[in-house]
There are 2 protein chains.
Amino acid sequence: MRPASAGAAALADGAQSQIKVLRAESQAPRSRARFPAVVGEPLPLNQILIGDCIEELARLPAASVDLVFADPPYNLQLESTLSRPDQSIVDAVDDDWDKFASFSHYDAFTRSWLEAVRRVMKPDATIFVIGSYHNIFRVGSLLQDQGYWILNDIVWRKTNPMPNFRGRRFTNAHETLIWAAKGAGAKNYRFNYELLKAGNEDCQLRSDWLFPICTGHERLKDESGHKTHPTQKPEALLARILLAATNAGDVVLDPFFGSGTTGAAAKRLGRHFVGIEREEIYAAAARKRIAAVEPLPHEAIAATPSKRSEPRVAFSAIVEAGLIAPGAELTDEKQRHRAIVRADGTVAIGAVVGSIHKIGALTQGLPACNGWTFWHYVSQSGKREPIDLLRTVARKNLREAEA
Amino acid sequence: MRPASAGAAALADGAQSQIKVLRAESQAPRSRARFPAVVGEPLPLNQILIGDCIEELARLPAASVDLVFADPPYNLQLESTLSRPDQSIVDAVDDDWDKFASFSHYDAFTRSWLEAVRRVMKPDATIFVIGSYHNIFRVGSLLQDQGYWILNDIVWRKTNPMPNFRGRRFTNAHETLIWAAKGAGAKNYRFNYELLKAGNEDCQLRSDWLFPICTGHERLKDESGHKTHPTQKPEALLARILLAATNAGDVVLDPFFGSGTTGAAAKRLGRHFVGIEREEIYAAAARKRIAAVEPLPHEAIAATPSKRSEPRVAFSAIVEAGLIAPGAELTDEKQRHRAIVRADGTVAIGAVVGSIHKIGALTQGLPACNGWTFWHYVSQSGKREPIDLLRTVARKNLREAEA
DNA sequence: TGACGTTTTGAATCCGCTG
DNA sequence: CCAGCGGATTCAAAACGTC
C-alpha cells in the first residue's frame, strides 16, 4: 500500500476507510463483479497526481471511486478586454488551458475525459460536472451519449456575481452543475436525502442552490496578493456535494484539481480525495491549503443518522445538563448583542425574558431568528462558539445514554 | 394579405405595425438590403398554423420575425413520431442502446426545426428555447453547432415545484431557457435593458428568474376539469421574455404553440404572434384563450426610449446656444481636475485641447471617459452640476423647436 | 479600536454609429 | 469592412483608508 499523505493521516477515520476501499477492489463478490479485478497500484489516496488527466486516469484502478467532481475548462470565448464603467479592466480568464480551437476540439477533449472518468467510477458512483453556458451543453450531451444517466441539473446561484457592465445581457448570475449516475441502471447511488433535508429546515433540497462566490480569506492568493487560481470554487459548494453524495470515508476523484477545493472539503468532512492537476503551481498551492485544513470532529461528519430526524433538544435541557451555567453571558458572533442565560432555559436582556429564538429576533428587530446559531458562548478554551455546539454535545450524550 | 385574426384587430397598434412589418420585407432601403425581398405570402400574423412545424416554417418568408419562443417536446417517446420520416425506431426504450438511438433521433428532429426557424429569423432576431435536463443539453449543443450565438442561459426557478416524492434526487425546481442570437456577429439584437432594470428596483436583471408554475384560473381546463395541455407555461414568463427582447408591434414566432401562452402574452403586450401547432385541439383552446385577452392600453406598452436612442447633441451646440460661456471653468465632481471651455466646443487644460471626452480621459489617465457626466459646471444657483444637465436642456429645446 | 466612507474585484462569449 | 470616436455602462462583498 502506498503511504497516504499527511492529509490522509489526519483524516478522522482514514485508515479504516482506506481498507474498505481496497477491499472493494480485490474482494468484490463474484456475482456483482461486472468490472475486472484490479491488478497493480491501488488508489493513491489524498494525493495530487501531476499530469494530463486522461493519462493519469488510465493508471487508476477501474471502478474504484465513489464520486467524481469535475470542473473542466469552460471554453470561454472572450473577444476583447472588458472594462467596468469606471474604466478599470476586468481580470478575465485568458489562460492557455481554457483555449480550444473549436467546439469539435472541445467535444473531443470532453469525450476523452468523460470516458476515462467513467471507467474509474464504481457502479453506483455519481459525477458532478460544473460549467457555464459556454460548455455545459456540450458536457451534458456527451454525458448522455456515453450512457451516463442524469439525475439532476443543479443551479449554483451566486449571491454576488459580476454584473453585466455593458447592459447588453442579463447578469450571468449562475453556473450549472450536472449530477449523473454511471448509467440508467444504477439505482443504488448514494444520496443522503434525510441529512440534507434535516439541514434545510426539514424541507427537501431543491435543484437551485445559493452560495457566494469564493472571496476573502478563503480565496488563495500569492505573495503579491494576486489570486492563485482564476476560478477557485467556494468550499461550501463542494461541502454540499460531498454531504449529498458521499459518506465519510468515501473517495472523491477530481480530475481538474486546480486550487484543491475538493481536497479541502474532503479532508474537512472526513472523505478521501484523488486529485489530478496538470500545473504543478496549482498543485503546490492546493497541497499547502489542504495541509492547513482541520478535519471536523467525527461526530460532526458521521454517516447519515437514522430515518427519523435528530431528536429535538430544548435549551433548557442544555442548562439542566450543566453544559452552560445560568448567569452565563451570550452574545452574537460580533458581540453586538448580549443576553443572560436563566436557569429555566430562557434568556434575558434586562427585564425582557424569552426563548433563545424570540430574544434573538427581538434584539435584532427581525421577525425570526435561529437562536442556536445566533447566540455564542465562551468555551473553556476561551473561544467564542455558537450554542449549537452545545446542542451537538447534548445529542451525543443522549445517543450514548440510549445505547 | 391573409386576414388577421380577431386577436390582431384588438391589438393596440395592430394595423400600423403590421404595415411596418410588411414594409420591412418589401421596401427595405436598398443600401441596407442584406436580405432578399420576399415573394409570396407575407407573415400570417396572429394566427395559428396547423401542421408540422418544419413544413409550416418552410412556407414562411425568410428573415421576417423578431423573436422566436420555442417550447419543444422533450419526451423521447413522442419525438419518434414527431421527427423526420425515419421509421427505424421502435417505441420501447428502456435499455441503453435504445436510449442512444432515441437521442440521435431527437437530435435530428431538433436540428431540423432549429434550421427552419433560423431561416425565418431577422438578422437581429433572437430565440428563447425552454427545456429541462432531459433535452436542454441537446438543444444547446445543436444551437451552437448551427452558429446561433448564446447570449444567456436563464433559469426559471419555480416557487412551487412538484416535490420529489421518492427522496432520491433534489427537487427538480427549475427549467432552463437558452437565449441566443442568430449568429456571433448579430450585435444589434433587441434587449430592453433599461426597461427591465426600471422594473426591478433599478437593479439589472439576473439570469435567474422566479415565477410560480401555471395554476389556478390561468391554467386551461376542459369541461371535465382536466388540464388542456400538460405543460402550459405561465404567462408571466412569456411576458418577461417579450418585454425583454421585443418592442410593441414586433412579431414573435412560436413553432410549438400548444396552449397559446405566447399568443396570449403577445396580444396583451401589443406584439404580434405567429403560432404553429400540430394538434387542432390545442389550437382551438389557444384561439379561444387569446380571443378573451384584453390588450393593455397603449401607454402601458409603448417602448421606453433608451438613453442610447436619444438624439446626439454636440458640446459645441451647447456653447453656441449660450448654455455655457466660453472661458467657463469645468471641474470633476471633487474638483480634482479643471478645464476651460473654448468657443468651438472643445475644452482645454493648459495648451492641451480636445473634446470633453478626450480631455476627461487624458486628465484621469484613463482610456476613455464620458465627458458629459465627468465634467461639472457651476450653475446660476451656485451649485456644481454635471454638464449632462445642459445637454438635457438642449434636447428639450430641440424637441420644442421641432414641434 | 471602531465607525464610516472609498476602493477593489469577480469563469464575461458585454457598443454602435459614421464616414 | 474597418477605423475612429462619442459616450453609455455595475452589484455585492470584502478590503482598505481615514478620522
Side-chain angles (χ1 to χ4, degrees), chain A residues 71-95 97-100 103 130-136 156 158-176 212-219 221 225-227 229-234 256 258 334-336, chain B residues 124 144 148-153 179-181 183-189 191 193-194 197 200-207 306-315 334 354-358 360-361 367-375 387-388 391:
Chain A
D71 183 10
Y74 283 13
N75 191 24
L76 298 184
Q77 290 146 54
L78 309 173
E79 292 190 323
S80 58
T81 59
L82 176 67
S83 48
R84 301 187 181 82
D86 65 2
Q87 307 299 327
S88 62
I89 302 291
V90 174
D91 182 16
V93 178
D94 53 0
D95 307 69
W97 50 252
D98 197 42
K99 297 216 187 311
F100 294 85
F103 280 129
I130 187 168
S132 67
Y133 66 84
H134 311 85
N135 71 323
I136 200 68
W156 167 29
K158 304 179 184 184
T159 56
N160 50 347
M162 177 153 59
N164 185 289
F165 296 117
R166 308 304 295 259
R168 295 296 296 146
R169 303 179 178 201
F170 298 98
T171 308
N172 207 341
H174 74 275
E175 293 187 26
T176 302
I213 59 175
C214 182
T215 58
H217 292 300
E218 191 186 329
R219 187 86 197 219
K221 294 185 183 113
H226 208 256
K227 56 192 175 193
H229 193 280
T231 69
Q232 185 181 338
K233 296 291 175 290
F256 306 98
K334 301 200 171 163
Q335 302 185 57
R336 289 176 186 163
Chain B
D124 289 328
Q144 291 177 316
Y148 283 99
W149 194 245
I150 298 182
L151 298 169
N152 277 117
D153 59 335
W179 182 37
K187 298 288 186 189
N188 203 23
Y189 57 86
F191 181 54
Y193 175 77
E194 295 191 324
K197 184 174 171 176
N200 188 47
E201 311 268 303
D202 280 327
C203 191
Q204 62 178 213
L205 222 49
R206 299 168 37 119
S207 56
S306 72
K307 271 196 189 171
R308 290 185 219 267
S309 63
E310 290 274 305
R312 287 209 175 186
V313 174
F315 187 61
K334 302 204 170 164
S355 73
I356 50 173
H357 312 296
K358 278 271 170 63
C369 166
N370 182 343
W372 293 109
T373 51
F374 177 71
W375 292 114
I387 58 175
D388 202 23
R391 185 168 61 157

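Here the structure is a predicted model, which is why all the values come from computation and not from measurement.
- Between D/dG6, C/dA12, C/dA11, one nucleotide has an atom nearer to the side chain of A/Arg219 than all others, and that is C/dA11.
- Remark: B/Thr373 pairs with B/Asn370, B/Asp388 by the side chain to side chain contact (heavy atoms under 4.5 Å, CB included) rule, at least two apart or across chains.
- Paired runs in DNA chain C that reach 3 or more consecutive Watson-Crick or G-U pairs, where each pair keeps both distances under 3.5 Å, cover C:2-10 with D:11-19, C:15-19 with D:2-6.
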With a 3.5 Å cut-off and sequence neighbours excluded, list the donor-acceptor pairs that the side chains of residues 162-171 of chain A form with protein atoms.
residue  : atom : partner  : partner atom : Å
A/Asn164 : OD1  : A/Arg166 : N            : 3.3
A/Asn164 : OD1  : A/Gly167 : N            : 2.8
A/Asn164 : OD1  : A/Arg168 : N            : 3.2
A/Arg168 : NH2  : B/Lys187 : O            : 2.8
A/Arg168 : NH2  : B/Tyr189 : O            : 3.2
A/Arg169 : NH1  : A/Tyr133 : OH           : 3.1
A/Arg169 : NH1  : B/Leu151 : O            : 3.0
A/Thr171 : OG1  : B/Gln204 : OE1          : 2.7
A/Thr171 : OG1  : B/Leu205 : O            : 3.4

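- Nearest approach of B/Ala361 to B/Cys369, heavy atoms of both residues: N-CB, 3.4 Å.
- Open room surrounds NZ on B/Lys307; 12 or fewer heavy atoms of other groups in view lie less than 6.0 Å from it.
- With C/dG10, D/dC11, D/dT10 as the choices, the nucleotide that has an atom nearest any side-chain atom of A/Met162 turns out to be C/dG10.
- Projected onto DNA chain D by closest heavy-atom contact, B/Trp372 and B/Asp202 fall at different nucleotides, the more 5' of which corresponds to B/Trp372.
- Residues satisfying the side chain to side chain contact (heavy atoms under 4.5 Å, CB included) test with A/Thr159, not counting sequence neighbours, are A/Leu210, A/Pro212.
- Here A/Asp95 lies out of heavy-atom contact (under 4.0 Å) with every strand.
- Counting any heavy atom pair closer than 4.0 Å across all strands shown, B/Ile356 reaches no nucleic acid atom.
- In this structure, the side chains of B/Gln144 and A/His134 stay at 4.5 Å or more apart for every pair of heavy atoms.
- By the side chain to side chain contact (heavy atoms under 4.5 Å, CB included) test, A/Asp98 pairs with A/Pro73, A/Tyr74, A/Leu76, A/Val93, sequence neighbours left out.
- A donor-acceptor contact closer than 3.5 angstrom is absent between the side chains of B/Ser355 and B/His357.
- Rounded to whole Å, the P atom of C/dA11 lies 34 Å from the corresponding atom of D/dG7.
- Considering only side-chain N and O atoms, B/Tyr193 lies under 4.0 angstrom from the phosphate OP1 or OP2 of D/dT10.
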Check nucleotides 2-9 of chain C against the protein and report each pair of N or O atoms closer than 3.5 Å, with its distance, or say if there are none.
none

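- Counting non-hydrogen atoms under 4.0 angstrom, A/Thr231 reaches a base of the nucleic acid.
- Side chain A/Lys233 to base C/dA11: a donor-acceptor pair is found below 3.5 Å.
- Ranking C/dG16, D/dA13, D/dG7 by closeness to the A/Asn160 side chain, first place goes to D/dA13.
- Side chain of A/His134, nearest nucleotide from C/dA12, C/dC14, D/dC11: C/dA12.
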Apply side-chain contact (heavy atoms from CB on, under 4.5 Å) to residues B/Phe191 and B/Trp179 and explain how you reach the verdict. CA-CA 11 Å; B/Phe191 181 54; B/Trp179 182 37; 3.5 Å; yes
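- In terms of phosphate contacts, B/Lys307 brings a side-chain nitrogen or oxygen within less than 4.0 Å of OP1 or OP2 of D/dT9.
- With both ends at atom P, the span from D/dG6 to C/dA12 equals 30 Å, rounded to whole Å.
- Among the protein residues, B/Cys203 comes within range of the sugar-phosphate backbone only, with heavy atoms under 4.0 Å from sugar or phosphate atoms but none that close to a base.
- Residue B/Lys197 has a polar side-chain atom (N or O) positioned under 4.0 Å from OP1 or OP2 of D/dT10.
- Of the listed nucleotides (D/dG6, C/dA12, D/dC11), D/dG6 has the atom at the smallest distance from the side chain of B/Arg312.
- Residue contacts for A/Arg166: at a heavy-atom cut-off of 4.0 Å it reaches a base atom on one of the strands shown.
- Shown here are the side chain to side chain contact (heavy atoms under 4.5 Å, CB included) partners of A/Cys214, two or more places apart in sequence or in another chain: A/Glu218, A/Arg219, A/Gln232, A/Pro234.
- B/Ala184 comes within 4.0 angstrom of no nucleic acid atom, judged by non-hydrogen atoms across all strands.
- In this structure, the nucleotide among C/dA12, D/dG6, D/dA8 sitting nearest to the side chain of B/His357 is D/dG6.
- Every residue two or more places apart in sequence or in another chain that forms a ring pair (Phe, Tyr, Trp, His ring centres under 6.0 Å) with A/His229 is listed here: A/Trp97, A/Tyr282.
- Scored by the salt bridge (Lys or Arg N to Asp or Glu O under 4.0 Å) test, A/Asp91 finds A/Lys227 as partners (sequence neighbours excluded).
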Measure all distances between protein nitrogen or oxygen atoms and nitrogen or oxygen atoms of nucleotides 2-4 of chain D, and list the pairs falling under 3.5 Å.
none

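- Interface residues of residues 72-83 of chain A facing DNA chain D, ordered by number: none; criterion, heavy-atom separation under 4.0 Å.
- When the nucleotides D/dT9, D/dG7, C/dC14 are ranked by their closest atom to the side chain of B/Glu194, D/dT9 comes out on top.
- As judged by a 4.0 angstrom heavy-atom cut-off over every strand, A/Pro161 is placed among the base-contacting residues.
- Between the side chain of A/Lys233 and the main chain of A/Thr231, a donor-acceptor pair closer than 3.5 Å is present.
- For C/dT1 and D/dG17, the C1' atoms lie 14 Å apart once the distance is rounded to whole Å.
- B/Trp372 places no side-chain N or O within donor-acceptor distance of the main-chain N or O of B/Arg391, the cut-off being under 3.5 Å.
- Listed candidates were D/dT9, C/dA12, C/dA11. Nearest to the side chain of A/Pro85 is D/dT9.
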Filtered N/O pairs between nucleotides 15-19 of chain D and protein, under 3.5 Å:
none

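- Looking at heavy-atom distances under 4.0 Å, B/Asn370 makes contact with a base.
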